[in-house]
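Note: hydrogens, waters and symmetry copies are ignored here, and every other heavy atom, side chains too, is used.
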Amino acid sequence: MGRFISSTPLYILLRLLLVLFLTRHTTPVNSLPLSTDSRWIVDDQTGQRVKLACVNWVSHLEPIVAEGLSKQPMDVISKKILSMGFNCVRLTWPLFLATNDSLASLTVRQSFQSLGLQESIAGIQSNNPSIIDVSLIQAYQAVVSSLDNNNIMVILDNHISKPGWCCSNFDGNGFFGDQYFNPDLWIKGLTRIATLFNGVPNVIGMSLRNELRGPKQNVNDWYKYMQGGAEAVHSANPNVLVILSGLSFDSTLSFLKTRPVNLTFTEKLVFEMHWYSFTDGGAWGTGNPNQVCGNVVKRVMGSTGFLLQQAYPLFVSEFGVDQRGTNVNDNRYLNCFMGVAAELDFDWAYWTLDGSYYLREGVMGLNEYYGILNWNWCEIRNSSLLQRISALQSPLQGPGLAESKPHLVIFHPATGLCLQRKSLFEPLRLGACSESEAWSYTTQKSLVIKGTYFCLQADELEKPAKLGVICSDSSSKWEMISDSKMHLSSKLSNGTSVCLDVDSNNRVIINACKCLSKDNICDPASQWFKLVNSTRSSSKAKSFFQVDTISDITRTDFLGSLLGWMLAG
């Protein structure tokens with residue numbers, strides 16, 4: 001029966017659809033290696049942009065084995081990563097794996113036995129028996145190979161020196177010259193790993209060091225050793241992107257404004273940053289979200305975001321939230337982050353894939369509430385969050401992506417959806433950004449669907465927003481207000497200021513503007529929108545009301561045609 005089913009037209013169609021889906025959401029391994037073109041990461045051969053939409057997979061804790069392999073076969077995990085729309089993994093590793101030969105030569109079984117992790121040994125024996133008696137470095141290679149077999153790119157991240165949880169200012173792993181951070185040994189380890197994975201097609205980048213920190217950190221040593229590490233990696237493996245992190249837990253690279261790096265190679269250099277809610281302490285929970293978002297974005301742009309304007313790729317290699325949804329600090333931060341990530345269209349890696357850990361800070365089987373997967377590495381922990389970040393997985397612009405003329409999409413960070421219209425007579429709604437309208441923002445401050453005469457209008461308080469063709473009155477003028485610059489505000493005919501909002505059915509409505517300042521209890525997320533530049537074409541077919549250019553028809557012809565269509569209907 002299996003053979004009969006596999007030859008049916010339905011089965012063949014499903015297979016073709018799957019191939020089309022994977023082709024759209026991933027970068028085929030045979031298109032590698034990658035390079036840089038101004039602020040973009042691109043395919044070496046075609047010059048087309050490749051957006052890194054990654055997830056972190058931890059392999060730097062005491063067992064020195066990729067987490068989760070006691071719960072699921074590695075191929076199952078790799079396929080799960082791909083099915084969730086990620087095209088790359090930031091795979092962590094401790095320096096001692098590459099510099100301590102006796103440690104690297106331990107078998108997986110021996111490593112877990114030394115830590116008393118008998119239950120994990122049994123789980124790996126059951127789910128991944130092929131690695132239980134191989135060396136730790138071979139097990140690491142096996143994970144990279146599994147990701148390769150599933151068309152997933154890999155960034156090798158030197159996360160720490162001594163295996164263990166990261167990070168603190170005084171753990172001996174923070175900066176060059178610390179107890180466990182000998183710079184010469186570090187360069188030796190980088191060289192070994194770069195050499196080991198030279199020729200492995202899906203290894204597209206190496207992150208030199210995670211979260212430099214501590215009392216010894218200083219700019220001069222950063223230049224001396226980070227430039228030395230970059231040259232060592234490039235010499236050993238010229239195909240990989242070389243990714244440099246900053247200071248203060250990877251929160252600042254501001255020193256690059258006046259003193260660029262000096263390297264012998266070009267078109268392989270990428271900078272990385274980390275951005276969490278706790279990067280700014282408890283500000284999100286105690287302050288007004290609009291004001292906090294505005295202040296934090298200014299900080300981020302001043303400390304790292306400026307690199308995009310200086311034509312360097314910026315990889316946000318860690319961001320994430322407590323997925324239980326109970327952390328106000330995280331929830332508010334994520335709404336702001338989503339808006340900035342869509343606007344800047346940067347490359348990123350979510351922290352983390354891991355649903356649990358073999359051993360973290362002395363606790364066996366610790367549940368990871370930031371993890372995409374749940375404790376048993378089987379189900380998705382929070383499908384709504386995964387849906388939200390899926391909007392960021394496809395590029396909006398960049399080399400080779402001029403599928404349509406430059407336009408705007410109206411993005412809603414709290415849902416990860418974009419403003420859509422089904423027809424002229426149905427309420428505007430939020431929907432998949434791949435089916436969004438192409439908008440333009442005119443000098444008269446109107447939001448117009450490109451190629452039409454239709455503009456966005458605020459008609460009546462607590463009623464749906466609508467489309468109209470008379471775009472000169474106050475209800476058709478929109479401005480980005482509040483410190484967050486994410487409230488789209490207009491004025492009704494009676495002079496009342498209103499904002500675009502979303503109801504529980506994802507209908508776009510007109511409401512009184514809320515939470516603009518001072519109030520630290522009110523949450524403005526439903527009223528946050530972002531006007532995002534794009535050159536991606538919509539998957540929607542052009543409707544009756546869409547024309548290629550406004551000059552194709554006159555306003556009189558258009559209104560006459562519309563009236564005739566309505567009467568005929």
Walk me through it: do Glu211 and Ser245 pass the test side chain to side chain contact (heavy atoms under 4.5 Å, CB included)?
-> CA-CA 7 Å; Glu211 296 194 357; Ser245 60; over 6 Å; no
Centroid-centroid distance, Trp222 to Phe176, less than 6.0 Å =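 That pair fails the under 6.0 Å test.
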For residues Tyr357 and Trp165, establish whether the separation of their ring centroids is below 6.0 Å.
->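 Yes - the distance between ring centres of Tyr357 and Trp165 falls below the 6.0 Å cut-off.
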Can you list the residues that meet the disulfide (SG to SG under 2.5 Å) rule with Cys522, with sequence neighbours excluded?
->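 Disulfide (SG to SG under 2.5 Å) check on Cys522 returns Cys515.
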With a 4.5 Å limit on heavy-atom distance, are the side chains of [X] and [Y] in contact?
{"X": "Leu103", "Y": "Leu97", "result": "no"}
{"X": "Leu95", "Y": "His60", "result": "no"}
{"X": "Met486", "Y": "Cys293", "result": "yes"}
{"X": "Asn505", "Y": "Arg429", "result": "yes"}
{"X": "Val409", "Y": "Cys433", "result": "no"}
{"X": "Asn290", "Y": "Ser517", "result": "no"}
{"X": "Ile81", "Y": "Val55", "result": "yes"}
{"X": "Thr279", "Y": "Phe319", "result": "no"}

Is there a donor-acceptor contact under 3.5 Å from the side chain of [X] to the main chain of [Y]?
{"X": "Tyr140", "Y": "Leu91", "value": "yes"}
{"X": "Thr191", "Y": "Ile187", "value": "yes"}
{"X": "Asn374", "Y": "Ile380", "value": "no"}
{"X": "Gln138", "Y": "Ser135", "value": "yes"}
{"X": "Trp351", "Y": "Trp57", "value": "no"}
{"X": "Ser145", "Y": "Gln141", "value": "no"}
{"X": "Asp347", "Y": "Ile41", "value": "no"}
{"X": "Asn56", "Y": "Tyr350", "value": "yes"}
{"X": "Arg381", "Y": "Gln323", "value": "no"}
{"X": "Asn173", "Y": "Ile160", "value": "no"}

Trp348 vs Phe315, ring pair (Phe, Tyr, Trp, His ring centres under 6.0 Å): CA-CA, chis, key distance, verdict = CA-CA 5 Å; Trp348 51 265; Phe315 175 44; 9.0 Å; no
Pairs meeting criterion salt bridge (Lys or Arg N to Asp or Glu O under 4.0 Å) with involvement of residues 89-113, two or more places apart |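 Checked against salt bridge (Lys or Arg N to Asp or Glu O under 4.0 Å) - neighbours excluded - the pairs reaching residues 89-113 are Arg90-Asp157, Arg90-Glu272, Arg90-Glu318, Asp101-Arg192, Arg109-Asp133.
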Here the salt bridge (Lys or Arg N to Asp or Glu O under 4.0 Å) pairs for residues 70-82, sequence neighbours left out, are Asp75-Lys79
Qualifying residues under ring-ring contact (aromatic ring centres under 6.0 Å, His included), relative to Phe411, sequence neighbours excluded = none
Assign the ring pair [X] / [Y] to parallel, tilted or perpendicular, where the plane angle (0 to 90°) is split at 30° and 60°.
{"X": "Phe278", "Y": "Tyr370", "value": "tilted"}
{"X": "Phe96", "Y": "Tyr180", "value": "perpendicular"}
{"X": "Tyr358", "Y": "Phe112", "value": "perpendicular"}
{"X": "His412", "Y": "Phe529", "value": "tilted"}

Determine whether the side chains of [X] and [Y] contain a donor N or O and an acceptor N or O closer than 3.5 Å.
{"X": "Ser303", "Y": "Ser254", "answer": "no"}
{"X": "His159", "Y": "Thr92", "answer": "no"}
{"X": "Asn158", "Y": "Arg209", "answer": "yes"}
{"X": "His274", "Y": "Ser317", "answer": "yes"}
{"X": "Asn127", "Y": "Gln72", "answer": "no"}
{"X": "Ser102", "Y": "Asn100", "answer": "yes"}
{"X": "Asn335", "Y": "Arg388", "answer": "yes"}
{"X": "Gln387", "Y": "Ser384", "answer": "no"}

With sequence neighbours excluded, tell me which residues meet side chain to side chain donor-acceptor pair (under 3.5 Å) with [X].
{"X": "Asp501", "result": "Asn511, Ser526, Gln527"}
{"X": "Asn295", "result": "none"}
{"X": "Tyr333", "result": "none"}
{"X": "Ser248", "result": "none"}

Side chain to side chain contact (heavy atoms under 4.5 Å, CB included) partners of Lys216, counting only residues at least two apart =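 Lys216 satisfies side chain to side chain contact (heavy atoms under 4.5 Å, CB included) with Phe175, Asp178 once adjacent residues are dropped.
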Would you please name every residue forming a salt bridge (Lys or Arg N to Asp or Glu O under 4.0 Å) with Asp322, sequence neighbours left out?
-> Arg324
Taking only residues two or more places apart in sequence or in another chain, which ones pass salt bridge (Lys or Arg N to Asp or Glu O under 4.0 Å) with Glu343?
->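 In terms of salt bridge (Lys or Arg N to Asp or Glu O under 4.0 Å), with neighbours along the sequence ignored, Glu343 is linked to Lys530.
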Any Lys/Arg nitrogen of Asp523 or Lys514 sitting under 4.0 Å from an Asp/Glu carboxylate oxygen of the other?
->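 Salt bridge absent between Asp523 and Lys514.
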Carboxylate-amine/guanidinium proximity below 4.0 Å for Asp354 and Arg360 |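 No, this pair does not count.
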List the steps, then state whether side chain to side chain contact (heavy atoms under 4.5 Å, CB included) holds for Leu308 with Met301.
-> CA-CA 9 Å; Leu308 296 172; Met301 294 306 296; 5.6 Å; no
What do the steps show when you test Asn87 against Gln393 for side chain to side chain contact (heavy atoms under 4.5 Å, CB included), and what is the final call?
-> CA-CA 8 Å; Asn87 64 6; Gln393 289 175 328; over 6 Å; no
Just do the side chain to side chain contact (heavy atoms under 4.5 Å, CB included) check on Leu156 and Val240 with the steps written out, would you?
-> CA-CA 10 Å; Leu156 307 177; Val240 295; over 6 Å; no
Write down the atom of Leu212, the atom of Gly246, and the distance for their closest heavy-atom approach.
->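 Nearest heavy atoms, Leu212 then Gly246: CB-O, 3.5 Å.
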Pairwise side-chain hydrogen bond (donor to acceptor under 3.5 Å, both in side chains) hits with a residue in residues 280-289, at least two apart |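 Of all non-adjacent pairs touching residues 280-289, those that pass side-chain hydrogen bond (donor to acceptor under 3.5 Å, both in side chains) are Asp280-Arg299.
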Glu119 atom CD, over 12 foreign heavy atoms within 6.0 Å |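 Count not over threshold, so no.
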For Val363, which of Leu366, Asn367, Leu359 qualifies under side-chain contact (heavy atoms from CB on, under 4.5 Å)?
-> Leu366
